[in-house]
Each structure stands twice: as C-alpha cells, then as structure tokens.
Amino acid sequence: MTGAAGSDDVGAVVEILVVDDDEGARSTLLDILDLAGLSASAVASAGEALAAWDVATPQLAIVDYRLPDSTGLELAARLKDADPDLPVIVLTGNASLETAVAAVGQVDEYLTKPVAAARLLRSVRAGLEQRRLRCENRDLLGRLREANLTLEARVRVRTEELHADRERLAEAQRIARIGSWEWDIEAQRLTCSPELRRLYGVDAGREVTSYEDLFTHLPVDDGARITDVVLEAVARGEPFTVETCVTVPGDHPRWLQVQGRIQVDEDGRAVHLVGTAQDVTERKLSEKALAHQALHDALTGLPNRVLLVDRLEQALVGAARIDGKVAVLFLDIDRFKLINDSRGHAAGDKLILGVAERLRATVRPADTVARFGGDEFVVVCQDIGTLSEAIAVADRIAAALREPFRVTGEEMFLTVSAGIAISGPDPSSEALLRNADAAMYRAKEQGRARCEFFDETMQTEATARLELQTALNWAVQRDEMRVFYQPLVDVASGHAVGVEALVRWDHPERGIVSPESFILLAEETGLIVPIGSSVLHEAARDHRQWREVFPQGLFTISVNLSAHQLRHPGLLDQVRAVLDQYGLQASSLCLELTETALLQDLDRHIGVLMALRSLGVRLALDDFGTGYSSLTYLKQFPVDIVKIDRSFVNGLGVDHYDSTIVRGLVELAHALQLVVVAEGIERPDQWEQLRRLGCDLAQGYLFSPPVPAGVLLDRLAVRPRWDDGTCGRRPDLDGRPVVPAAIGSV
C-alpha cells in the first residue's frame, strides 16, 4: 500500500483500504478516491485485508458486505478489535433490515450499492475526521492525566521542599549570621527571626515587639541614629542601610549591617518595613587590617612612607600653632647590601627587625619611627627646640645601634649614616624629607657612620646634581661624548708607544667638560655602560690612524673599564666584536681598571679578567698604590701593567718618601714581571727620576695633555721622541718610535 498527500478538506496523509471481491467495484472505488486526492489500496478478500493490515495500518476501511471468505461485518469486527478508532464503511448490494440492524454498533457507515460518489466521499471524510477527533481526544485525555499526576507529584515535592526550606533558611541564617525582620508600621510591631535575636544579644525569653527592644546592647548614640534613619526611610519610601556595633557582656564586639526596604499598599502608603541584619565583623576586621597594611611596613609594622608623610604633616600643623619646630632624621644602614649578599635576605630581614625594635625603644613616645624603604628609616621628632636636641636624638640612636645584633647565631655590628633637617618658617613635609635625605647622603660621602645637618649648600648641590643627571642623559642620547688621547712614552727611549683614550663631554653650552665633573654620576646612574661602550668603539676606530702613522712595532691604545662595565654580562662579547669589527690586534688593546672596581666582587671579576686575557687583550691596574689591599691582592689580579698613581709621582725629586715609595712599587711590579707606568708627569726632574728608578712608561702633561686624535697626531709628527735634553725644547725630528722591551715582553 502506498500513501499520498490528502485533499484540502482533510489536510493530512491518509491510507484507505478497499475490500471487495468484485474487480469492477474495486476499480470504481479506487478511481473515486484517487480523484478526490485520497490515497487508497484494494484487496479481494478478508484474508488479504488482514494480511495487508499487518504490513500497514490504514486510516479507514471500505468493506463489501459479501466476501468470499467472510462477511463484511465479521471483517469489520476483527479490524476494530485491532484498532478501535478505525472507521469502517460497509457496502452492500442487497440491503435488508436484519443486516442493517446487525451493522449498528459494529461499523461507522452502512451504504447500499450502487452508492453515489459524493455520498461515498462524504462518508469517507466524515470517518477520517471522526478518527482524527478520537485520536486527539484520547491523546488529550492522556496528557491531562499525566499533567494531573505530575502536578500532584510537584505539589507533594514542593510541600516537602517548603518545609525543608524553612529549616534550611533558619540554618542558613545561622551559618551566614543573617537575621531577618519585618516591621508593621500601622501596628507598630516587630517580627524577627531567631538569628536576629541572637545577633542583637537578646535573651531567649525576652519578648521583642519593637525595634527599640533590640537596642539594649547598642551605644546610645547608635540607637538614636538608627531611629532617625528608619524614620527618614519611611518618609521618603526609600531603602536604607546602616551599620552598628553590638557589645554583649562577655563577648567580642559584633558589627551588624542592617538593610531595609519599604512595602506599600495599593494607595502607595508605607505599611511594612522588611529587611535583614548581617554580622559583618569579619569584614570590618579585614578592612581594618587592610587599612593597617596600607599604612604600615609589612616586615617591621612601622609606619610606611604614606603614614609617615601624614604624621609629619600633622606634626608641622601642631608645631605651627605653638611656634615650635619639627626635626626629621633620615637614617640609612651602612653597607647593608653586604649583609644580604653574605648572609642572605632572611638574615637581612632579621637585622631590619632588630633595628626597628631599637629605634622604637630609643625615641620619645610622641616621636614617629617609620621605615622609608629598604634599609632606610625616618624619625619625626616633634617639639624640637634646638639643633642640639635633634643631634642628641641622633646620638642616642647611633649608640643603641652600635650594640651588636645577634642574627642566625652570630653577632653582627652595624653603623648608620644620618641626616637631620629642621622645619623653617615655611615648612613642608616634602621639603623636610628631601633635605634630611640630602644630609644623609652627605654623611655617606663624608665616610659613613656620621650625622650631617642640612644646609642650603646641600640643596644647591642636589639641584645641580639633578640638572647634571638630566643633561648627562641627554648627552648620551645626543652622542655628545668625545674621546681625547694622551700619549704613553717609553722612559728608556723617549718614544711614544701608545695612547690612553679619555672621555670628554662636549657640552653644547659649557664646551669641553672634564670627566671629574660627571664620571661619578655616570657610575651611579649606570650611564657609564653606554659611555664606556662608545669610547671603546671610537678608540678602536681611531687606532687605524695610529697604525698608519706608526707602522713599525706595536702601538697600544688603553681604554678605561668601570665596575659597571666589568659586571655587564655582554662585556666579553662586546670586546671580541670590537676587535673583529675594526681589525684591531688584541695585544694592541689595553683595558684599565681600578683596584676599587675589582674588589667590589673579586672572585667574579677575576674570572672576567681571565676571559679577557684569553682573547689576548692586555690588562692594567690603574691608581696602583692607593688601595689598602694593593699588595695583598696584586698577585691574584691577572694584570700585565700597573700604573703608579700621580699622588706618589708628584713628590719625585722633591719628597724623599715619595721617591722611596715609587722605587718600592717599581721593584715590586718588576719582581712580579709587570710593566710599570707612572702617571702625572709634569716636570723634567720627575722624568729623570723615573729613568733612574727603571720605570717603563710615563704619561702626563710634560708630553701632552689629553687632546683629540688629530691634534695628538700632529704633535707626534713634530715630536715623536722625548728625552731629558729635548723636553721643553725643539724636538728631534729624526727620531722614530720604537716598541720598548717591557711592552713587547708582556
């Protein structure tokens, strides 16, 4: 059996089974149904009909009353047993009253042949519609029954949930420490939950009918304040939030946040206040802790910089009222970095804690001790009459800190550098702190472990220092650094055998600035690294000119290295790249370092020097003889050359002791197979003394001040050789520069 789309009258896909043993009758019925747009199939007997039923269930059956194997009524009965909703139309050619009566109740329609097509189609459509309505009604009744069952089940569950919700609400309020309340404005009666009573500390047997009954353990002012808030909320019809503190005897204070909102009637009148009260004690304590952390140092618990400024400003306001003064002491622990580097930061933290404790115990109760940051502390002294009083406080602090600190099982000693500033006629917290800080740095510069008082000179110096730092940064950015050269002269032959590259600042307004004015600041700010790098590159590039002028022998070029450059991880690669880029022979480059720079991190720096020597670069120890440990460490330094400081050379030929010291230094260096260079040669008698002492090389204004490369090349072209007979006279133009034996043997 096959199906097709139904007619517009039916509006659905149908399947009609025609059962008739007369082939002509079957064809006629199928044609009528097909023309009406109804899908149908036909069989000739009851057996075939039942077989077709097993394959596909029809929506309606048209059955002939007389069939070869059954009557139409019997087949209808069997079909309806299988599908009670199946409409069955019986056709008969010999109608009788008995047959019609028998068909009642068993079939849906009983038609007599021949039946008109219109009559048949009306019966078919009526039967199909009846089947649709029966199915829909049955489905609807089934859904209604299921819905009733579901609703009943939901009602039971919801009833149980409501009961459980009430229990959970009470438990949740207890856990969350939230109590609920409702205030009947007209009846002036309060209803509250058990948790609310507990939060307010109301006794179990006490009746609570008004919100004033909850105020037993509230401060008097809080009760009046809450009443005003409630009355104002009722008048405005707006929600409200208010906080209060409940203090129950024998219990900790409890902070409550009370929230409420207005309920109005149909006329817009306020009839109820409903709300909650929540225990927010933990939040209050957290806020208090956060506020403390925001204003106090995490390690020591002392006021931090923010609170310090606030306390200082309060002290200044108080001092102004009584025409008094405020002193600020800025303290810095001397060489604290050494503690962290040698004993670790944990030991450093314990030492900071010990210092904080002693400072608290030393100052006056009204004074403020703050940790400014790192190893810096600030003391604000109120009501200071004279400078001597502030100095007395500083002396007490210094004495307290001189006592040993016991950290990690060992005793440690420390000193502090202190700066003092006292408020003037127009005081400000920022100026006082800045001035005390400047005085502290002056104490550092003067040798540490001392106290300095601020004066206007420090302010001027600090301003100038800041301006210089800014200008120096711009100088590096604008490439204002220039390289000047001073010759190195072989003492024995008088020939120039090398030059030292010395940096100068070509200031746009001040002209050429000597390094004494900016090198220390460049060291402190780290700008010495880019400055040193530019000097190294320019010196290597200029060395090409020296090679052209002095093609015979080795002509060295010396470049100074700072401690910052020595610590820079890329130094070795930088030197190697410079040698490759400019085709500079490694032995022609000499890197000069001071003993102070080497001793800052001796083990690490010696490793760096060994790596530089592996490249073939020469190394020189500058300012030799001025360090307290020169003789101790000289054997450890992998250097080739030592340069005797000018402070010893100045007295040659004049001061017996200086001559003796220089002789000893020369002999010591030669015993270690090192080349000796004397710096600061300015007089011919110094030159003569160096020859007698066997010094290898000399450098100084006697030969030439530091000048640009072109200027020095012109001078060397005119005077390539110096000796005691020609110094200060017309040079010997026939001399040729040679390499001294000392340089060649390194």
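Residue indices begin at 1 and follow the sequence shown. For the numbers below, each heavy atom of this structure counts, side chains included, while hydrogens, waters and symmetry mates do not.
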(request) Could you tell me which residues satisfy side chain to side chain contact (heavy atoms under 4.5 Å, CB included) with Arg283, sequence neighbours excluded, listed by chain and number? (result) Glu243, Gln257, Val280, Glu287

With a 3.5 Å cut-off and no angle check, do the side chains of [X] and [Y] form a donor-acceptor pair?
X	Y	answer
Lys325	Gln382	no
Asn560	Glu500	yes
Glu430	Ser428	no
Glu452	Gln446	no
Asp310	Gln314	yes
Asp332	Ser417	no

For residues [X] and [Y], report the shortest heavy-atom separation together with the two atoms involved.
X	Y	answer
Val309	Leu433	CG2-CD1, 4.1 Å
Gln686	Val649	NE2-O, 3.1 Å
Leu329	Cys381	CD1-SG, 4.0 Å

(request) For Phe372, enumerate each residue passing the ring-ring contact (aromatic ring centres under 6.0 Å, His included) test, keeping only those at least two apart in sequence or located in another chain. (result) Phe330

(message) Would Arg358 and Phe405 count as a cation-pi pair here, with the cationic atom under 6.0 angstrom from the ring centre and within 45° of the axis?
(response) yes

(message) Applying side-chain contact (heavy atoms from CB on, under 4.5 Å) to Val575 and Leu612, what does each step give before you reach the verdict?
(response) CA-CA 8 Å; Val575 172; Leu612 289 171; 4.0 Å; yes

(request) Verify side-chain contact (heavy atoms from CB on, under 4.5 Å) between Ile557 and Leu589, making sure each step is shown before the conclusion. (result) CA-CA 5 Å; Ile557 186 164; Leu589 176 62; 4.2 Å; yes

(message) For the backbone of Val529 and the side chain of Ser533, can you confirm whether one donor and one acceptor N or O come within less than 3.5 Å of each other?
(response) no

(message) Do the side chains of Asp640 and Arg618 get close enough for a salt bridge, i.e. N-O under 4.0 angstrom?
(response) no

